[in-house]
Amino acid sequence: MKKVLQEAYTYAKQWMGQGKVADYIPELAKADPNHLSICITDLGGYTHCIGDSKIHFTIQSIAKIIILATALKSVGFEEVFSRVGMEPTGDSFNSIVRLETMHSYKPFNPMINAGAISVTSCIPGKSPGERFEKILYNARLLLGNQELTYDEHVFYSESKTGGRNRALAYMMNDGKVLLGNVEEHLEVYFKACSLRVTCEEISYFGAILANNGISPRTGKMIIEPFQVKVIRSLMTTCGMYDASGEFAICVGIPSKSGVGGGIMGAVPNRMGIGVYSPALDAKGNSYCGIKAMEFLSHALELSIF
Ligand code: GLU
């Protein structure tokens, strides 16, 4: 494992300098584009790492999985999927175009921003704080860190500048898909995206999904197997934005990426993978991260297809 991680790291590092750190959330622009780490958590619960594996970054869209898991636990499959679809879009993660042109304001899937905001609105609670606590509770279990919290600077930075997400949310509210207080839903969503994680932690998260919802460290079930099936299916079809098709062919691992530069992969019954490198390609996926995943997939024959 050590050897293959070293090889994947050396291979991915060749693309260092390509891509760009996200700056549409101003605080994210501070990330160092030269960071790279790759971690694998095996189903014995052991995590193997190389590179900057203890650097903290914000989880961003990988939180969409935690939001979905929390909503599925809270209100169940039927209710969640009455508010969001299950189909890939082929559009970028924050695209607004289909909300209007499909003559229904129901977003296509939980892995795009509109869909994740809609799923967030399903999580019940008396206040945004109480609703976020439910997400945080699951995040701490899924990332194996009881101290996990969110990055206030990134949260405020996105709250101040999140015009596109506000537009999506108010449009869904106008279409009666997103009910209740729009600003409160956005607060919960932005906080979830700002969770502070490490590459090691996201590989452990991947290992729980790879292990059908059971923690490989504690043996406890964190997510029910049916919900894991739903989540892994959506990761495969929609997890890498509008590059999900190409990623399925070139890598073939159910994965979710975030604009913070992380990618979490779950290889069913084999392992969880975390990669982190904040410079992104044109579609918003970590440039070196994708290269590392490609290498690992070929070297260890990880494609599910
Ligand atoms: N917080 C980010 C947003 O809503 C997440 C996007 C992403 O990682 O794809 O724009």
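Atoms within each ligand, like the ligands themselves, are counted from 1 in listed order.
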Polar contacts were defined as any N/O atom of the residue lying under 3.5 Å from an N/O atom of the ligand; does this apply to Ile25 and ligand 1? no

Numbering the atoms of ligand 1 from 1, which are under 4.0 Å from a heavy atom of Glu158? 1 (N), 2 (C), 3 (C), 4 (O), 10 (O)

Asn165 contact mode with ligand 1 (heavy-atom cut-off under 4.0 Å): side chain

Relative to Tyr241, does Lys256 satisfy both conditions: NZ or CZ under 6.0 angstrom from the six-membered ring centre, and within 45 degrees of the ring's axis? yes

Provide the number and element of each atom of ligand 1 under 4.0 Å from a heavy atom of Tyr189. 3 (C), 4 (O), 5 (C)

Ignoring hydrogens and angles, tell me if any N or O in the side chain of Arg232 forms a donor-acceptor pair with the backbone of Pro268 under 3.5 Å. no

Would Ser257 count as being in polar contact with ligand 1, using the rule that some N or O on each side must be under 3.5 angstrom apart? no

Ser297 (side chain) donor-acceptor with Met293 (main chain) under 3.5 angstrom: no

Tyr241 heavy atoms, cut-off 4.0 Å: which ligand 1 atoms fall inside? 7 (C), 8 (O), 9 (O)

Under 4.0 Å from a heavy atom of Cys193: give me the atoms of ligand 1 that qualify, with their elements. 1 (N)

Please check: side-chain N/O of Arg196 versus main-chain N/O of Thr58, any donor-acceptor pairing under 3.5 Å? no

Backbone of Ser277 reached by a side-chain donor or acceptor of Ser286 within 3.5 Å: yes

Between Phe132 and Tyr150, ring centroids under 6.0 Å: yes

I'd like to know if the side chain of Lys20 reaches the main chain of Ala282, judged simply by a donor and an acceptor atom lying under 3.5 Å from each other, with no hydrogens or angles considered. no

Val259 heavy atoms within 4.0 Å reach ligand 1 at atoms 6 (C), 7 (C), 8 (O), 9 (O)

Kindly say whether Phe155 contributes a backbone atom to a donor-acceptor pair with the side chain of Ser159 at under 3.5 angstrom? yes

Report yes or no: does Phe190 have a heavy atom closer than 4.0 Å to ligand 1? no

For atom 7 (C) of ligand 1, which of the options Ser194, Ala192, Gly258, Ser61 provides the nearest non-hydrogen atom? Ser61

Is a side-chain N or O of Asp42 found less than 3.5 angstrom from the main chain of Gly45, in a donor-acceptor match? yes

For atom 2 (C) of ligand 1, the protein heavy atom that lies nearest, with its residue and separation: Gln60 OE1, 3.2 Å

Contact partition for Asn113 relative to ligand 1, non-hydrogen atoms under 4.0 Å: side chain

With backbone taken as N, CA, C and O and side chain as the heavy atoms from C-beta onward, which portion of Arg164 lies under 4.0 Å from ligand 1: side chain, backbone, both, or neither? neither

Enumerated ligand 1 atoms positioned under 4.0 Å from heavy atoms of Tyr24: 2 (C), 3 (C), 5 (C), 6 (C), 10 (O)

